[in-house]
Amino acid sequence: MNKIVILSHWRVGSTNFKKTLEQITGQEFWNEPDFDKHRNTIQSMGFDKFMEQTKWKSMKCDFEKSKDYLKEILDYADMVFLIIRKDIVAQINSYYKLEGKKLTRYDIMGANKKMKGLVQLHKNHRILYYEDIKDFLHKK
């Protein structure tokens, strides 16, 4: 069973992408794990051993909840999908509409730069843009 990681950062269609991959692969993904809650366990047993103990082998990770473990997450994965948006203003507006919190372009651009830099080091990665896959992900 392949260990798939979907990495994203706020309002880029990653939940729909995760649901699509769950249907295709037949596996349930761990949705936005908060690794800080398991920090002591991860430190004592190591990330791979920790993941062996979970019922999920694949996961959808939010940058904010995963940023301290990105290297470990990517080393663990057989395949990595990074989903980002080209239209950062639309992403900011979507997040504000949903959460009532304002993001800045720098918040998103900084996260995208860090995620891209790490993901591109993975031998089996795909960088997908929301604008290119949104019609595929949204049922009509």
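Values in this document were obtained by computation on a predicted structure and should not be read as measured data.
Judged by a 6.0 Å distance limit and a 45° cone about the ring axis, Arg11 is not positioned over the six-membered ring of Tyr95. A cation-pi geometry, defined here as NZ or CZ lying under 6.0 Å from the six-membered ring centre and within 45° of its normal, holds between Lys3 and Tyr76.
When the side chains of ILVMFWY residues are joined at heavy-atom separations under 4.5 Å, either directly or via intervening members, Phe50 and Val5 end up in a single hydrophobic cluster. Both Leu103 and Ile88 are members of a single hydrophobic cluster when ILVMFWY side chains are connected at heavy-atom separations under 4.5 Å. Cluster membership check: Met79 shares its hydrophobic cluster with Val12, using side-chain heavy-atom separations under 4.5 Å among Ile, Leu, Val, Met, Phe, Trp and Tyr. Under the 4.5 Å side-chain heavy-atom criterion for grouping Ile, Leu, Val, Met, Phe, Trp and Tyr, Ile83 is not connected to Met115 through any hydrophobic cluster. In the hydrophobic clustering of this structure, Ile84 does not group with Met109; members are Ile, Leu, Val, Met, Phe, Trp, Tyr whose side-chain heavy atoms approach within less than 4.5 Å, directly or through other members.
Here the CG-CE distance, from Leu7 to Met59, works out to 10.5 Å after rounding to the nearest 0.5 Å. The distance from the CD1 atom of Ile4 to the NZ atom of Lys57 is 13.5 Å, given to the nearest 0.5 Å. Atom CD of residue Glu22 and atom CZ of residue Phe29 lie 6.0 Å apart, to the nearest 0.5 angstrom. In this structure, the separation between CD1 on Ile133 and CG on Leu128 is 5.0 Å, given to the nearest 0.5 Å. With rounding to the nearest 0.5 Å, the separation of CD1 in Ile42 from CD in Gln53 is 12.0 Å. Here Asp132 contributes atom CG and Lys86 contributes atom NZ; the two are 3.5 Å apart, rounded to the nearest 0.5 Å.
Taking the six-membered ring where the residue is Trp, Tyr69 and Phe35 present tilted rings, their angle falling between 30° and 60°.
With hydrogens and angles ignored, the 3.5 Å screen pairs a side-chain donor or acceptor of Asn124 with a backbone N or O of Asp78. Under a 3.5 Å cut-off, the side chain of Ser44 and the backbone N or O of Thr41 do form a donor-acceptor pair. The main-chain N or O of Lys65 is never found under 3.5 Å from a side-chain atom of Glu32 such that the two would form a donor-acceptor pair. Panel note: side chain His122, backbone Leu74; a donor-acceptor pair is recorded below 3.5 Å. The backbone N or O of Asp62 lies less than 3.5 Å from a partner atom in the side chain of Ser66, making a donor-acceptor pair.
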Run the numbers on Lys102 and Ile92 for side chain to side chain contact (heavy atoms under 4.5 Å, CB included), then give the verdict.
CA-CA 7 Å; Lys102 195 75 170 161; Ile92 290 168; 3.9 Å; yes
Chi angles and distances behind the side chain to side chain contact (heavy atoms under 4.5 Å, CB included) call for Gln120, Leu82:
CA-CA 9 Å; Gln120 288 174 326; Leu82 172 62; over 6 Å; no
Applying side chain to side chain contact (heavy atoms under 4.5 Å, CB included) to Gln91 and Tyr130, what does each step give before you reach the verdict?
CA-CA 10 Å; Gln91 185 176 1; Tyr130 170 79; over 6 Å; no
Check against side chain to side chain donor-acceptor pair (under 3.5 Å), Lys60 and Ser8
CA-CA 8 Å; Lys60 177 181 88 93; Ser8 66; 4.9 Å; no
Quick one: do Asp48 and Glu72 satisfy side chain to side chain contact (heavy atoms under 4.5 Å, CB included)? Show the steps, please.
CA-CA 8 Å; Asp48 285 351; Glu72 291 85 352; over 6 Å; no
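Listed by chain and residue number, Ser58 satisfy the side chain to side chain donor-acceptor pair (under 3.5 Å) test with Gln27 (two or more places apart in sequence, or in another chain). Qualifying side chain to side chain contact (heavy atoms under 4.5 Å, CB included) partners for Trp56, counting only residues two or more places apart in sequence or in other chains: Glu28, Trp30, Thr54. For Thr25, there are no side chain to side chain donor-acceptor pair (under 3.5 Å) partners two or more places apart in sequence or in a different chain.
Atom NZ of Lys37 is surrounded by 12 or fewer heavy atoms from other residues, nucleotides or ligands within 6.0 Å.
The heavy-atom pair separating Asn31 from Lys18 by the smallest distance is OD1-CE, 3.4 Å. The minimum heavy-atom distance between Ala90 and Asp87, with the atom names listed, is N-OD1, 3.0 Å. In plain terms, the two heavy atoms of His125 and Ile127 that are nearest each other are CD2-CG1, 4.1 Å.
Using a 4.5 Å heavy-atom threshold, the side chains of Arg105 and Val89 count as touching. In this structure the side chain of Ser94 reaches within 4.5 angstrom of the side chain of Arg85, judged on heavy atoms. Counting heavy atoms from C-beta outward, Asn112 and Phe63 have side chains that stay 4.5 Å or more apart.
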